[in-house]
J.: 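One structure follows; several queries about it will come next.
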Amino acid sequence: MTHPEERLARLWAQDEAPEIDPAFERGVSARIGRRQILREIGEGVVWAAPAAAVIWAVWPSIGQATQWLTLAAAQIGPVLVIIASTLIALWSAARLLDLPGLDFGALEYPPPRSRPYRPQDGFD
Amino acid sequence: MNLVDLDGVLVAEARRGSARAFERLVAKHQQAVRGFLRRVMGDWADADDLAQETFVAAWAGMDAYKGASSVRSWLCAIAWRKAKSHLRSRWRGAARDRSWLNARETTTEPGAENRMALARALASLSLEQRAAVSLCLAGGFSHIEAAEALGLPLGTIKSHVTRGRAKLLQVLGDGDDPS
């Protein structure tokens, strides 16, 4: 190999990227992730825009057809709200007073911790 | 299983939606793509940025890969198109090689003097010559692979490599070796 050839080979080697580069790979994954999000948003818009237009166009006829439902909901709604509020109040009171016969453990979040493992417990 | 077969399997898996398979393709070919872009573009930051864009484009256009060429050639073909487009916009309104050299002259990394020498040598080549020489002499591509990647006839690639190599050696032989 002549002197300029050696020099060229040495200079080429300086431009070489590392064989393993996790930072570069993470960068590619991040860009792909961003591209996927944009694609999903774009697809969502493609469906949502015509759907909104259709609903807007047919809403007068839907509104007339469901007018009875709106009227019924207006009459029954307050009663339903009162019943739901009462149930929630009773449930809260029972929980606060820790009334017997009511197990609220299953509703607790975070769930109660189980007893720590002891060696004499075995694996069963 | 040889490396080409492994690429085929990874591409098939990536097409089926396997992110892991695509990550392996990136890990396997990032060095070749980045090396090629660094030599063609001169600026490492721009080159690495375009290399990432190349892999994103490959992921988005995975169905376009028909298996006629190697995955490495296919990726470098995408990289080449991106580099040409990027360099055209960079060179718009400026003298091409002066702009390219200026980008290199801002480098303050160790060994910058040596890289400047290579930059000067590469600046004496046309863009296609530079790409052909980068692939075949530095990247270890065959002439056929380089022809596929650059979309040029095989004879043109051979001519670019021969003339480009002679010109590089002449420029490097004339200059002083700072190391």
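Per chain, numbering begins at 1; letters A, B, ... match sequence-line order.
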J.: Closest approach of A:F24 and B:D48, non-hydrogen atoms and distance?
T.: CE1-O, 3.6 Å
J.: What distance do B:L122 atom CG and A:L11 atom CG have between them, rounded to the nearest 0.5 Å?
T.: 9.0 Å
J.: Report the C-alpha distance between A:V28 and B:Q30 in whole Å, list the side-chain angles of each, state the deciding distance to 0.1 Å, and finish with yes or no for side-chain contact (heavy atoms from CB on, under 4.5 Å).
T.: CA-CA 10 Å; A:V28 173; B:Q30 57 89 15; over 6 Å; no
J.: Among all residues two or more places apart in sequence or in another chain, which pass the side-chain contact (heavy atoms from CB on, under 4.5 Å) test with A:S29?
T.: B:E23
J.: Where does B:A51 contact chain A at under 4.5 Å (heavy atoms): side chain, backbone, both or neither?
T.: both
J.: A:L8 versus chain B, heavy atoms under 4.5 Å apart: side chain, backbone, both or neither?
T.: both
J.: Could you look at B:F36 and say if it's the side chain, the backbone, both or neither that has a heavy atom under 4.5 Å from chain A?
T.: neither
J.: Answer yes or no: is there a donor N or O on one side and an acceptor on the other, between the side chain of A:E16 and the main chain of B:A138, under 3.5 Å?
T.: no
J.: Tell me the residues of residues 52-66 of chain B whose non-hydrogen atoms fall below 4.5 Å from those of chain A, in number order.
T.: B:Q52, B:E53, B:F55, B:V56, B:W59, B:A60
J.: Might you work through the side-chain contact (heavy atoms from CB on, under 4.5 Å) test for A:W12 and B:L168, ending with a clear yes or no?
T.: CA-CA 12 Å; A:W12 285 137; B:L168 281 180; 3.8 Å; yes
J.: List the atom of B:R38, the atom of A:A17, and the distance in Å for their closest heavy-atom pair.
T.: NH1-CA, 3.7 Å
J.: I need the contact set between residues 31-50 of chain A and chain B: heavy-atom distance under 4.5 Å, sorted by residue number.
T.: A:R31, A:I32, A:R35, A:Q36, A:R39
J.: Side chain, backbone, both or neither: which part of A:P22 has an atom under 4.5 Å from a heavy atom of chain B?
T.: neither
J.: Are B:L25 and B:L6 in one and the same hydrophobic cluster, where Ile, Leu, Val, Met, Phe, Trp and Tyr link if side-chain heavy atoms are under 4.5 Å apart?
T.: yes
J.: Heavy atoms under 4.5 Å from chain B: which residues of residues 82-90 of chain A carry them?
T.: none
